[in-house]
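Presented below is the structure to which this report refers.
Just so you know, these numbers come straight off a predicted model, no measurement behind them. Per chain, numbering begins at 1; letters A, B, ... match sequence-line order.
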Amino acid sequence: MSSLRVRFAPSPTGYLHIGGARTALFNWLLARKEQGTFILRIEDTDVARSTQESVDAILQAMEWLGLDYDEGPLYQSQRFDLYRSKVDQLVGEGKAYRCYCTVEELEQKREAALKAGGKPKYDGTCRERRDQPTGLPFVVRFRTPQDGETVFNDRIKGTISFRNDELDDVIIQRTDGTPTYNFVVVIDDADMGITLVIRGDDHLNNTPRQILMYQALGCPVPEFAHVPMILGADKARLSKRHGATSVMAYREMGYLPEAMVNYLVRLGWSHGDQEIFGLRELVEKFSLENVGRSAGVFNPDKLLWLNAHYIKAGDPQRLAALVTEFLLVRGIDPATGPDLVAVVRTLQERSRTLLEMAEAAAFYYASEISYELEAATKFLTADREAPLAALVEKLEKHATLDESAVEAAINEVLAETGLKLGKLGPAIRVALTGGTVSPGIFEMVAVLGPQESSRRLRRALRHLR
RNA sequence: GGUCCCUUCGUCUAGCGGUCUAGGACACCGGCCUUUCACGUCGGUAACACGGGUUCGAUUCCCGUAGGGAUCACCA
């Protein structure tokens with residue numbers, strides 16, 4: 001175990017989205033690689049917007065991705081006493097002060113400043129206020145130093161510096177006594193001994209004021225690593241209008257977690273020319289040094305390609321278990337037909353998602369095949385009657401046949417009738433599936449079984465007469 | 001608008017001063033394979049934002065410009 005302590009700190013105001021998942025993944029990977037500690041902290045200080053449903057959704061998504069944590073989940077809503085005492089400490093030391101300005105006043109000042117071409121920064125009205133009005137509502141503001149600059153070395157972005165006079169006195173405690181994000185994040189990261197903060201770079205601008213707070217509190221300042229944003233195809237921040245942004249929505253669309261992990265990690269991180277990475281391999285190879293500094297566009301096509309890859313390479317047993325729920329949703333009970341694992345094997349190379357696989361598997365379990373009109377007229381023609389009948393005769397003699405036996409049987413028919421496979425094959429395909437797209441003929445007959453196959457062939461024979 | 005960050009094919013990226021007539025992957029186009037659809041395989045189109053420096057030599061270093069993004073809440 002190393003001294004590295006990282007955390008993922010989502011706020012439970014919705015599902016876990018793509019960007020959050022990648023941040024969580026980077027944290028997890030580094031923790032596992034360095035044998036550090038990965039902490040999950042729920043940032044629910046905004047009681048009004050936080051929900052238990054969101055917490056559950058985030059937990060489920062992390063589990064689906066395979067990201068386990070060593071400590072937590074810790075809830076900020078259960079730590080208000082700590083925050084309050086820290087606020088009091090800062091006020092006592094003169095490092096924070098009560099501000100009695102009202103929301104309306106502040107809003108007015110902001111607009112006026114903006115109109116005058118100035119910065120919408122807090123004007124410091126209460127900064128040097130000496131009196132303590134009683135009965136008036138107040139917030140507590142952090143007294144940020146107005147001289148010098150704050151410099152830090154971001155593990156991804158490099159050296160970054162801000163002039164302190166650009167920063168204003170941020171509110172750390174609301175009128176209702178609850179603390180705000182920029183304060184609790186500092187208290188918690190300090191209290192939990194976080195040594196490296198990996199987060200989205202939308203937090204980059206918060207970092208200097210947070211560093212100033214660590215210093216005011218007398219706490220060691222952690223390192224920071226700001227991960228670039230994920231954008232949509234139009235280069236705008238990824239949002240719903242770019243398609244699904246919820247990690248779990250991809251599970252529902254038939255994606256495998258390893259495909260999602262692989263895609264996410266390669267969006268912003270690279271290891272030479274390598275594209276395919278398993279989780280264990282990532283733990284070994286991941287590093288902050290190879291994380292890029294610029295924002296990246298989410299590319300659904302590549303995710304789909306990766307998913308196809310993992311379906312192709314996946315264990316049929318496991319895929320069968322996973323595809324079952326997609327089948328059941330479509331009203332198909334795999335127990336009523338051929339062995340699902342065998343079915344999956346015939347579909348792995350031609351399915352990009354579990355959803356596609358379920359759709360492609362439907363014909364195996366159909367009690368009655370309905371023919372596509374065009375396919376039937378083109379391939380279920382009178383000249384195929386004799387060879388199909390001959391095939392039925394051969395198939396019916398067996399309870400089971402493996403793929404090569406099926407091939408042998410069909411080849412016999414071909415030899416006897418002088419027909420080409422190019423003529424017979426499509427007819428068999430339409431008879432068995434109703435359409436022109438399916439797995440290979442031989443494997444299909446083998447999986448369906450000679451009895452069921454001949455039953456379907458007989459029906460086709462009746463149809464073409 | 002202020003501040004901060006970013007800038008290699010359409011997209012994800014390799015590149016860490018000469019190896020670049022810039023490599024890989026997705027997507028796209030074409031050949032091959034073939035009982036369908038796919039898979040696979042082979043090949044092709046396609047990028048260093050611009051302008052100055054530094055240097056014997058810049059995709060690589062520095063400075064501008066332009067463009068993009070983030071942030072300026074009693075949200076996180």
Side-chain angles (χ1 to χ4, degrees), chain A residues 9-13 43-46 48-50 76 99 101-103 106-107 110 113-122 137-141 154 156-158 160-163 166-168 170-182 184-185 199-208 226 228-229 231 233 235-237 263 266-276 289-290 292-306 308 312 347-352 360 375 379 410 420-430 433 435-442:
Chain A
S11 84
T13 54
E43 309 234 320
D44 56 354
T45 54
D46 186 349
R49 297 203 305 152
S50 301
Q76 292 188 322
C99 168
C101 298
T102 65
V103 183
L106 293 171
E107 193 56 43
R110 246 194 306 271
L114 229 37
K115 195 168 292 178
K119 311 167 193 193
K121 179 178 161 178
Y122 177 61
F138 63 87
V139 299
V140 175
R141 285 181 187 274
D154 191 277
I156 291 173
K157 304 270 188 179
I160 296 173
S161 67
F162 289 81
R163 286 174 41 170
E166 291 291 341
L167 277 23
D168 63 357
V170 64
I171 292 172
I172 60 177
Q173 187 179 89
R174 302 183 184 96
T175 310
D176 66 2
T178 59
T180 60
Y181 166 75
N182 273 301
V184 294
V185 74
R199 74 218 313 191
D201 75 3
D202 48 334
H203 288 287
L204 201 55
N205 293 302
N206 288 326
T207 307
H226 287 93
M229 301 270 85
L231 312 175
K235 302 280 182 102
R237 193 188 192 126
Y263 179 70
R266 275 288 288 108
L267 214 195
W269 173 85
S270 61
H271 184 77
D273 285 341
Q274 190 173 344
E275 295 287 349
I276 306 294
E289 287 66 46
N290 294 310
R293 289 130 301 160
S294 53
V297 174
F298 181 76
N299 184 348
D301 278 339
K302 191 152 185 181
L303 206 208
L304 187 58
W305 172 76
L306 277 165
K312 231 172 295 170
L347 262 17
Q348 276 177 281
E349 289 211 328
R350 59 199 82 232
S351 307
R352 295 178 299 176
F379 298 114
I410 290 178
K420 295 284 191 209
L421 184 56
K423 291 283 186 189
L424 220 213
I428 298 174
R429 170 167 291 109
V430 175
T433 73
T436 55
V437 176
S438 83
I441 302 288
F442 309 140

message = If the threshold is 4.0 Å, N to carboxylate O, is there a salt bridge linking A:Glu275 and A:Lys302?
response =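 The answer is yes: the pair qualifies as a salt bridge.
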message = If I take atom OH in residue A:Tyr122 and atom P in nucleotide B:rU71, what distance separates them, rounded to the nearest angstrom?
response = 24 Å
Closest nucleotide among [options] to the [X] side chain:
X        : options                : answer
A:Ser294 : B:rU11, B:rU71, B:rC6  : B:rC6
A:Leu421 : B:rU35, B:rA70, B:rC74 : B:rU35
A:Arg110 : B:rU35, B:rG24, B:rA73 : B:rA73
A:Arg429 : B:rG69, B:rU35, B:rC5  : B:rU35
A:Arg49  : B:rA76, B:rA25, B:rC39 : B:rA76
A:Arg266 : B:rU13, B:rA76, B:rA70 : B:rU13

ask   = Using atom C1' of each nucleotide, how far apart are B:rA25 and B:rA14 to the nearest Å?
value = 11 Å
query = Expressed in whole Å, how much space separates the C1' atoms belonging to B:rC48 and B:rG43?
reply = 25 Å
For [X], answer base if it contacts any base atom (sugar-phosphate contacts may also be present), sugar-phosphate if it contacts only those atoms, and nothing otherwise; contact means non-hydrogen atoms under 4.0 Å.
X        : result
A:Tyr263 : nothing
A:Val297 : sugar-phosphate
A:Asn182 : base
A:Ile160 : sugar-phosphate
A:His203 : base
A:Pro228 : nothing

ask   = When you match A:Asp44 and A:Ser351 each to their closest nucleotide on RNA chain B, which lands nearer the 5' end?
value =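 Closest to the 5' end, via its nearest nucleotide, is A:Ser351.
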note = Comparing A:Arg293 with A:Asn206, nearest RNA chain B nucleotide closer to 5' gives the residue A:Arg293
key: Pairing nucleotide - B:rU55, Watson-Crick or G-U, each distance under 3.5 Å   = none
ask   = Which base, if any, makes a Watson-Crick or G-U wobble pair with B:rC28, both distances under 3.5 Å?
value = B:rG44
Please confirm whether the shortest side-chain N or O distance from [X] to OP1 or OP2 of [N] is below 4.0 Å.
X        : N      : value
A:Lys235 : B:rG67 : no
A:Ser270 : B:rA14 : yes
A:Lys302 : B:rU13 : no
A:Arg237 : B:rU71 : yes

request  = Would you state whether a donor and an acceptor, one from the side chain of A:Arg350 and one from the base of B:rC37, lie under 3.5 Å apart?
outcome  =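 Result: at least one qualifying N/O pair found.
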Charged tip of A:Arg141 within 45° of A:Tyr122 ring normal and under 6.0 Å = yes
